[in-house]
Amino acid sequence: LSVGAWRLGFQLLLNTMSSFLKFEAKIFLNYGAKIIYCNSINDKEVIEKLHHSDLDIILNLRTRCIFKDKILNLPKLGCFNLHHGLLPQDKGIFCDLWAIYNNRTPGITIHKMTNKIDQGAIVSQTKISAKKNYLKYLKSTIKYEVELISNFLLKIEKNGELPLMIENKSEHVHFFKSPKIKDIIKMQIYGIRL
């Protein structure tokens, strides 16, 4: 916030408040979904509850929790992650922001989760037009997220098995972390609105 990224800081605050006020939970409950509240997907109690759920798939969206083997091995078809970056090149976090800053095409990938970050086989992905206003870019990604997830789940339902996946390997890998203050300043000088 102190370096002028107040829009992004405000959005993160809203996201935190939204989780605290359980807005998303109300939506899921309206559709009859069962909700488990936890500090980590790897908590012993969560593993125990999920173990008795006869899961086909776990889909991870917008969390920074590293799934451990006990969770990864629970669902019949596996755990999958919606990653804001184009794998195999862009791994880590804020990959789309870094891609925009580095004048590369951002996008979203669904990949099978392993015990190593962003290493599992790639199911599908899409490229997205870059926007210098990062919050507007993030809002524009929602329709792509929904489309990727829907197509992925429909293929599983239609074929009764996972779609063909491609190997997640590249000689040119970028592993990104949260931008530091100096990075945020450089991004703003470049013209990215945070």
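This one's a predicted model, so the numbers in the text were calculated from it and none came from an experiment.
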Backbone N/O of Lys136 and side chain of Asn133: donor-acceptor pair under 3.5 Å: yes

Note, Ile184 side chain near Gln188 side chain (heavy atom, < 4.5 Å): yes

Transitive ILVMFWY side-chain link Leu135 to Tyr144, under 4.5 Å: yes

hydrophobic_cluster_shared for Ile110 and Leu153, side chain cutoff 4.5 Å: yes

Stepwise side-chain contact (heavy atoms from CB on, under 4.5 Å) check, Phe67 with Ile41: CA-CA 7 Å; Phe67 286 34; Ile41 189 80; 3.7 Å; yes

Neighbour count above 12 (heavy atom, 6.0 Å) for Lys177 NZ: no

Min side-chain heavy-atom separation Lys68-Asn115 under 4.5 Å: no

Salt bridge (charged side-chain N to carboxylate O under 4.0 Å, His left out) partners of Lys169, counting only residues at least two apart: Glu167

Backbone N/O of Glu147 and side chain of Ser150: donor-acceptor pair under 3.5 Å: no

side-chain contact (heavy atoms from CB on, under 4.5 Å) between Glu45 and Cys38, worked out: CA-CA 9 Å; Glu45 301 81 31; Cys38 61; over 6 Å; no

Smallest separation among heavy atoms of Cys65 and Ser40, with atom names: SG-OG, 3.7 Å

Ile149 side, atom CD1; Leu154 side, atom CG - distance, nearest 0.5 Å: 11.5 Å

ILVMFWY cluster, Ile117 and Phe94 together (side-chain gap under 4.5 Å): no

Euclidean distance, Ile58 CD1 relative to Met113 CE, rounded to 0.5 Å: 8.5 Å

Residue pairs passing the salt bridge (Lys or Arg N to Asp or Glu O under 4.0 Å) test where at least one lies in residues 154-164, sequence neighbours excluded: none

Candidate pair Ile57 and Phe152, rule side-chain contact (heavy atoms from CB on, under 4.5 Å), full reasoning: CA-CA 11 Å; Ile57 191 169; Phe152 172 51; 3.5 Å; yes

Shared hydrophobic cluster, Tyr137 / Val146 (ILVMFWY, side-chain heavy atoms < 4.5 Å): no

Stepwise side-chain contact (heavy atoms from CB on, under 4.5 Å) check, Leu162 with Ile156: CA-CA 5 Å; Leu162 291 171; Ile156 293 172; 3.8 Å; yes

Sidechain-backbone polar pair: Ser53 side chain, Leu55 backbone, donor-acceptor under 3.5 Å: no

Approximate separation, where rounding is to 0.5 Å, of Glu48 CD and His51 NE2: 6.5 Å

N/O donor to acceptor pairs below 3.5 angstrom from side-chain atoms of residues 79-90, sequence neighbours left out:
residue	atom	partner	partner atom	Å
Asn81	OD1	Asn60	ND2	2.7
Asn81	ND2	His111	NE2	3.1
His83	NE2	Asp90	O	2.8
His84	ND1	Asp96	OD2	2.8
His84	NE2	Glu145	OE2	2.6
Asp90	OD1	Arg104	NH1	3.2
Asp90	OD1	Arg104	NH2	3.1
Asp90	OD1	His174	ND1	3.2
Asp90	OD2	Arg104	NH1	3.2

Residue pair Val123 / Pro163: nearest heavy atoms and the distance that separates them: CG1-CG, 3.9 Å

Minimum side-chain heavy-atom gap Tyr101-Pro179 below 4.5 Å: no

Lys132 NZ: over 12 foreign heavy atoms closer than 6.0 Å: yes

From Lys127 atom NZ to Thr109 atom OG1, the distance as rounded to the nearest 0.5 Å: 10.5 Å

Spacing of Asp56 atom CG and Lys76 atom NZ [to the nearest 0.5 Å]: 4.5 Å

Crowding at CD1, Ile66 (>12 non-hydrogen neighbours, <6.0 Å): no

hydrophobic_cluster_shared for Tyr190 and Tyr134, side chain cutoff 4.5 Å: yes

4.5 Å side-chain heavy-atom contact, Ser178 and Ile93: yes

Asn168 side chain to Asp118 backbone, donor-acceptor under 3.5 Å: yes

Closest heavy-atom pair and its distance - Ile100, Lys131: CD1-O, 3.7 Å

